Amino acid sequence: MSRRRAAPVADAERAHGLLLLREMLRIRRFEERCVERYSAAVIRGFMHLYIGEEAVAVGVMQALTSDDAVVATYREHGHALARGIPAGALMAEMYGKVEGSSRGRGGSMHIFDAGARFYGGNAIVGGGLPVAAGLALADQMQGRERVTACFFGEGAVAEGEFHETMNLAALWRLPVLFCCENNLYAMGTALARSEAETDLAVKAAGYQMPAWAVDGMDVRAVEDAARKATTQIRAGGGPVFLELRTYRFRAHSMYDPERYRDKAEVETWHERDPISSFEALLTASGGLTDDELDEIEAAAAAEVEAAVAFAEAGTFEPVEDLTRFVYSEVRP
Amino acid sequence: MSRRRAAPVADAERAHGLLLLREMLRIRRFEERCVERYSAAVIRGFMHLYIGEEAVAVGVMQALTSDDAVVATYREHGHALARGIPAGALMAEMYGKVEGSSRGRGGSMHIFDAGARFYGGNAIVGGGLPVAAGLALADQMQGRERVTACFFGEGAVAEGEFHETMNLAALWRLPVLFCCENNLYAMGTALARSEAETDLAVKAAGYQMPAWAVDGMDVRAVEDAARKATTQIRAGGGPVFLELRTYRFRAHSMYDPERYRDKAEVETWHERDPISSFEALLTASGGLTDDELDEIEAAAAAEVEAAVAFAEAGTFEPVEDLTRFVYSEVRP
Amino acid sequence: MTTTYREAMRAAIRDAMTRDERVFLMGEDVDRYGGCFAVSLGLLEEFGPERVRDTPLSESAFVGAGIGAALGGMRPIVEVMTVNFSLLALDQIVNNAATLLHMSGGQLNVPLVIRMTTGAGRQLAAQHSHSLEGWYAHIPGIRVVAPATLEDARGMLWTALCDPDPVVIFEHGGLYNLEGELAADAGPVDIDRAAVRRTGEDLTVIAYGGTVATALAAAEELSGEGISAEVIDLRTLRPLDIPTLVASVTRTHRAVVVDEGWRTGSLAAEVAARLAEDAFYDLDAPVARVCSAEVPIPYARHLEEAALPQVGGIVAAARRAMGA
Amino acid sequence: MTTTYREAMRAAIRDAMTRDERVFLMGEDVDRYGGCFAVSLGLLEEFGPERVRDTPLSESAFVGAGIGAALGGMRPIVEVMTVNFSLLALDQIVNNAATLLHMSGGQLNVPLVIRMTTGAGRQLAAQHSHSLEGWYAHIPGIRVVAPATLEDARGMLWTALCDPDPVVIFEHGGLYNLEGELAADAGPVDIDRAAVRRTGEDLTVIAYGGTVATALAAAEELSGEGISAEVIDLRTLRPLDIPTLVASVTRTHRAVVVDEGWRTGSLAAEVAARLAEDAFYDLDAPVARVCSAEVPIPYARHLEEAALPQVGGIVAAARRAMGA
Ligand SMILES: Cc1ncc(C[n+]2csc(CCOP(=O)(O)OP(=O)(O)O)c2C)c(N)n1
Ligand SMILES: Cc1ncc(C[n+]2csc(CCOP(=O)(O)OP(=O)(O)O)c2C)c(N)n1
Ligand SMILES: [Mg+2]
Ligand SMILES: [Mg+2]
């Protein structure tokens with residue numbers, strides 16, 4: 001009996017494990033290709049990679065519905081893909097093509113998708129937080145049971161906008177899930193050199209906001225924490241702060257000689273790679289076969305190649321349209 | 001023996017008690033006269049009264065030496081007088097006369113005195129905090145054992161500049177004494193309606209900054225706390241945060257119908273008037289005689305009248321000098 | 001009926017909140033206190049604390065929250081007490097409100113209205129007397145308006161709220177007590193065109209917001225000297241209604257631009273530059289500017305008066321322009 | 001010797017720190033990272049973490065701390081990574097740095113230098129491509145300079161540090177890799193006068209910072225068409241050196257002003273307005289402005305190029321001014 005009933009559950013769990021792996025892998029492969037495209041000087045400007053942090057975006061997105069909103073930073077390729085924005089639209093955006101998610105006007109740092117309620121793509125550190133509070137305020141005032149997930153780095157914690165928004169959200173009990181991606185560095189500045197109090201949960205206490213630290217290299221731990229938090233938020237419990245402990249495997253952006261950390265440190269973190277470690281875990285528990293892994297890799301590779309092809313085939317917006325989208329074209 | 005030795009101490013204590021009362025009273029009488037001068041339309045612009053909060057400035061100043069620095073807000077008459085800036089220079093400033101502390105260019109909200117290391121007189125809520133941190137940084141870098149006392153209201157705690165400065169000061173262990181004058185209201189906004197966490201000491205903990213709450217209506221309690229804090233700071237212990245619990249007896253500024261609080265509340269606080277209560281305390285303990293009180297009142301009255309006379313006798317800066325002090329007149 | 005600029009502004013807010021439940025007012029002390037300048041007095045009782053929403057002293061956060069709320073389907077009216085404090089929220093206005101539509105390739109509208117008091121003249125000294133309309137008028141992506149009359153105080157807000165893009169409304173602190181007649185059925189007005197407030201033949205005086213009345217007083221004085229001055233109220237500072245200005249100057253051949261902002265880099269500089277570009281061959285004299293002196297506004301009354309544009313300065317500039 | 005704009009800037013900082021122990025550098029990632037644009041690379045090793053001071057991401061606090069440190073006897077060089085982020089510190093600059101001397105009736109000097117990178121051209125999109133020099137040039141109480149050459153990159157800092165008042169230095173991001181010859185004994189230069197970078201008879205092209213090179217390239221192209229263009233580098237944006245501009249235009253009778261800021265309300269508007277005021281009767285054609293299009297700077301290369309002032313646009317404007 002119990003066996004019989006257990007089976008489908010196990011299947012569902014197994015499927016979900018594969019989905020988590022699939023999501024993290026497509027982000028990883030996508031960005032590896034971005035690096036190659038950047039070196040080929042096809043992608044330009046600032047490009048910030050999420051490689052090493054995939055478990056954070058993938059884990060949190062599991063707890064969100066399509067009605068919820070997402071606000072992210074300039075390091076948002078992973079969030080956009082995990083949110084379901086087509087890889088082709090992302091790649092085309094970085095190519096500066098009309099087919100890009102922002103018609104090529106935003107680039108890597110400014111991915112937007114109104115349909116997916118993905119509100120950027122904000123390149124001013126801390127600048128997205130007040131906007132997230134406002135999106136949540138709109139939901140609260142209109143009696144909608146939605147959550148707004150706001151991603152930002154630990155470096156943003158030093159900004160005044162972090163403080164003002166944390167207080168406002170807690171004071172008004174706004175349905176915001178604050179996701180602080182603590183990858184230990186803000187460009188070259190280590191957390192301990194920018195914060196007097198490095199335990200970020202203690203900071204949240206200063207706003208009477210529930211907060212807990214999560215292993216950001218463990219996608220399941222992230223998903224569990226996010227589900228617990230969003231359940232609490234949807235129940236009207238007010239905002240929650242998650243400190244997601246992770247690590248950036250690559251340079252801050254494409255221009256960064258990484259003088260501020262030593263190879264050894266990076267190596268140790270590589271041992272905790274969210275993807276390979278999860279792969280190993282699944283395989284060990286029989287949750288993943290070699291064939292399945294091959295299929296996932298193949299699918300990711302195919303998706304990335306399709307994205308590149310889509311971007312290559314894209315067109316450039318006519319220069320005559322330069323000043324479009326400064327003001328709306330239709331006014332009452 | 002012990003009697004003999006005790007006596008002088010008692011005398012010193014007694015003298016100090018009288019000094020504290022004298023200081024608070026001259027502020028009270030000075031501002032009462034300001035109100036009258038404002039009604040006579042001689043003083044114009046915004047004027048914010050300190051009446052009811054005198055124990056805070058007077059108590060803290062006791063712990064400062066002439067080498068220390070003071071940064072205050074637009075509600076700074078009391079701090080300026082307690083710091084030793086002549087009442088005449090203050091009154092003349094509000095008259096807009098050249099003899100004023102800022103030659104009449106600043107008015108009530110912008111009292112400055114370089115000699116007294118009194119750095120304003122800042123009318124942007126939270127705007128003085130970063131400056132205070134910088135003054136302290138200069139002392140730290142030049143190896144001087146000075147303290148910079150920074151006064152601000154509890155309303156400023158919601159500003160991003162508060163957060164940024166608290167962190168910077170704690171991170172760099174700057175010799176700053178943060179004096180938060182919690183008079184419960186920011187204009188018409190009660191603390192509970194602007195802060196999710198109303199226990200301000202908890203906020204300081206978010207920066208690992210020692211903090212304690214003090215009865216701001218008890219001048220001796222304020223002085224003791226300030227002495228304890230400055231000793232700690234001078235010893236290199238880094239910044240300290242004091243929450244000084246007080247109350248504003250008058251309107252926020254001269255234009256304020258006080259719709260946000262009821263008379264009863266104001267009445268209850270009047271019973272804790274820092275001056276009358278301290279008077280009673282001294283009298284009861286034999287620390288104050290009626291003659292002494294009369295003398296103190298007479299001295300305060302004389303000082304205020306002299307200040308008015310000084311201001312009346314003052315001159316207006318020639319209009320031709322309008323654009324002076326925008327840039328320095330001497331450049332290398 | 002007789003009313004004041006303050007009451008007209010309040011009527012406009014009440015009207016908007018009644019017409020559209022998505023509209024709400026948010027800012028420092030807008031509720032019980034009634035707003036720093038008593039504009040929102042009584043609205044709390046009428047609409048409740050949800051829609052007349054007091055904020056902490058967190059300019060950046062509540063302006064940014066207004067942007068987010070607009071993205072989320074609301075129609076926020078964010079009151080920044082004064083332009084002086086808006087510097088703390090400028091990043092949100094410049095980098096989010098003004099850019100989201102463009103950065104998203106046309107996907108995201110920000111139907112937000114920001115109201116703020118501006119200007120000097122009340123002896124509030126250097127930190128409380130800024131006139132930064134010119135800065136806001138420099139930002140692509142937002143509209144900037146400056147109601148100078150009761151009709152505009154009553155009518156610009158609703159039009160601004162109906163606009164799909166962010167609109168900043170500047171209310172000069174000296175205007176709130178302005179009293180006059182306003183039609184009982186006064187309603188929405190356009191926010192696109194400048195208005196000729198007085199017609200004249202000899203020269204054009206261009207002003208906006210707080211200086212329109214000063215310009216009209218100067219025109220009156222000039223008429224006594226036989227100089228017929230046309231007075232134009234810009235009304236909308238971004239985008240500027242250049243055709244109306246050029247049409248007037250093409251007739252009068254002379255212009256004086258009045259602006260309470262500091263002269264260098266003022267909005268008046270843009271107006272003067274545009275006239276010198278678009279009406280170059282019609283100008284018989286240099287376009288004159290009467291602006292604030294280049295000094296942080298002093299507290300002392302006589303110094304403040306000397307620092308700000310006054311009737312006398314406009315009259316003198318007009319005489320020079322006439323070659324008199 | 002051969003050097004780059006970046007190295008010249010670094011040499012200037014090193015020189016200042018060596019000359020005066022009160023000088024220190026403070027900003028985001030100025031230490032190990034060497035600054036976002038590698039200007040301060042190596043200085044940490046030379047001067048230590050006290051004087052090459054990394055700050056948290058708290059623009060308002062560390063700029064304000066620079067003001068306080070200057071009041072306290074230090075000579076801070078505060079690096080705000082880019083002008084885009086300076087909006088978060090603008091309140092401190094406008095309301096404290098620029099006003100303290102005046103509000104204190106002449107008692108308090110703020111000998112502070114603020115350096116920031118400005119400009120577009122590297123496909124960094126709307127939030128990272130601002131050119132707000134014009135805004136800073138509007139503020140009484142501060143000086144604003146824009147080094148466009150190796151000599152100025154090397155020489156303006158020390159002069160700015162010796163000035164008793166706040167000076168903001170704008171370094172265009174596109175100039176750091178500029179390479180050329182610099183005299184081994186190159187030292188301090190004035191921060192008061194504009195400089196004629198190329199002499200000419202037919203018209204005057206006025207530029208600053210990142211657009212000086214573009215203006216010179218345009219002048220070269222124009223000379224091929226027989227049009228002799230004089231090119232003036234403003235160097236100091238506040239106060240403007242108007243006499244030098246007027247002297248040139250009085251000879252050439254025509255002017256084109258180049259500015260990477262958005263056209264409306266740009267610094268170019270002030271320059272054009274001043275020329276139309278002070279050289280009205282000498283102008284044979286309207287003063288032309290070649291500025292950035294009124295659009296948040298787009299990421300796509302072809303759109304960004306179309307949005308910014310280019311040689312072609314300057315040449316075309318010059319031809320129009322010549323009536324060609
Ligand atoms: C207000 C502001 N200041 C500085 C910068 C430059 N900058 C871009 S990313 C970055 C580091 C941010 O670190 P963190 O918040 O930890 O995010 P991470 O890059 O580590 O994901 C800095 C300083 C900026 N974009 N905005
Ligand atoms: C940045 C800023 N926002 C708003 C104001 C307007 N304002 C002046 S005083 C004040 C209340 C401040 O309250 P608090 O900090 O508690 O000081 P208190 O007046 O009670 O002494 C406000 C909102 C301002 N001066 N600066
Ligand atoms: Mg980080
Ligand atoms: Mg208070």
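Below, all heavy atoms of this structure are taken into account, side chains as well, without hydrogens, waters or symmetry copies. Quick note on labels: first sequence line is chain A, next is B, and so on, each numbered from 1. Quick caveat, the model's predicted, so the values are computed rather than measured.
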So what's closer than 4.5 Å to chain A heavy atoms on [X]: side chain, backbone, both or neither?
X      : value
D:A307 : both
D:S60  : neither
D:L44  : neither
D:E59  : both
D:E294 : backbone
D:L88  : side chain

Between D:L303 and A:R105, does the side-chain contact (heavy atoms from CB on, under 4.5 Å) criterion hold? Intermediate values first, please. CA-CA 8 Å; D:L303 294 178; A:R105 289 173 186 259; 4.2 Å; yes
First locate atom CG of D:L57, then atom CE of A:M187, and finally report the distance between them rounded to the nearest 0.5 Å.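 Atom-to-atom, D:L57:CG and A:M187:CE are 9.0 Å apart.
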Distance from A:M94 atom CE to D:Y299 atom OH, nearest 0.5 Å?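 Nearest 0.5 Å value for the CE-OH distance: 8.0 Å.
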Residues of residues 190-199 of chain A under 4.5 Å from chain D (heavy atom pairs)?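 Within residues 190-199 of chain A, the residues under 4.5 Å from chain D are A:R193, A:S194.
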For chain D, which residues from residues 113-126 of chain A have at least one heavy atom closer than 4.5 Å to it?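 Counting heavy atoms that sit under 4.5 Å from chain D, the residues of residues 113-126 of chain A involved are A:N122, A:A123, A:I124, A:V125.
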Looking at every non-hydrogen atom in both residues, tell me the closest pair between [X] and [Y] and how far apart they are.
X      : Y      : answer
A:A158 : D:S58  : O-OG, 2.9 Å
D:D29  : A:T189 : OD1-OG1, 2.9 Å
A:L322 : D:P298 : CD1-CG, 3.8 Å
A:F46  : D:H128 : CE1-CD2, 3.8 Å
D:L124 : A:M109 : O-CE, 3.4 Å
A:V326 : D:P296 : CG2-CD, 3.9 Å

Look at D:I297, D:N84, D:D31 and state which one has the largest set of heavy-atom pairs under 4.5 Å with chain A.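 The candidate making the most pairs under 4.5 Å is D:D31.
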Given A:R44 and D:R301, is the side-chain contact (heavy atoms from CB on, under 4.5 Å) satisfied, shown in steps? CA-CA 8 Å; A:R44 308 300 303 272; D:R301 185 197 215 114; 3.1 Å; yes
So which residues of residues 257-269 of chain D are in contact with chain A at a heavy-atom cut-off of under 4.5 Å?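 Within residues 257-269 of chain D, no residue comes under 4.5 Å of chain A, counting heavy atoms only.
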Do the ring planes of A:F316 and D:H302 sit parallel (below 30°), tilted (30 to 60°) or perpendicular (above 60°)?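 The arrangement is perpendicular - the two ring planes meet at more than 60°.
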Could you have a look at A:H110, A:E317, A:E258, A:E159 and say which one has the most heavy-atom pairs with chain D under 4.5 angstrom?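 Highest number of pairs under 4.5 Å: A:E159.
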Counting heavy-atom pairs under 4.5 Å to chain D, which of A:A156, A:G155, A:G127 comes out on top?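 Most heavy-atom pairs under 4.5 Å with chain D: A:G155.
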Tell me, side chain or backbone of A:P318 under 4.5 Å from chain D's heavy atoms, or both, or neither?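 Looking at A:P318, just its backbone touches chain D.
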Residues that A:A211 engages under side-chain contact (heavy atoms from CB on, under 4.5 Å), provided they are two or more places apart: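 So A:A211 forms a side-chain contact (heavy atoms from CB on, under 4.5 Å) with A:A201, A:A204, A:F241.
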Do side-chain atoms of D:Y33 reach the backbone of A:D256 as a donor and acceptor pair under 3.5 angstrom?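 The answer is no, because no donor-acceptor pair under 3.5 Å joins these two groups.
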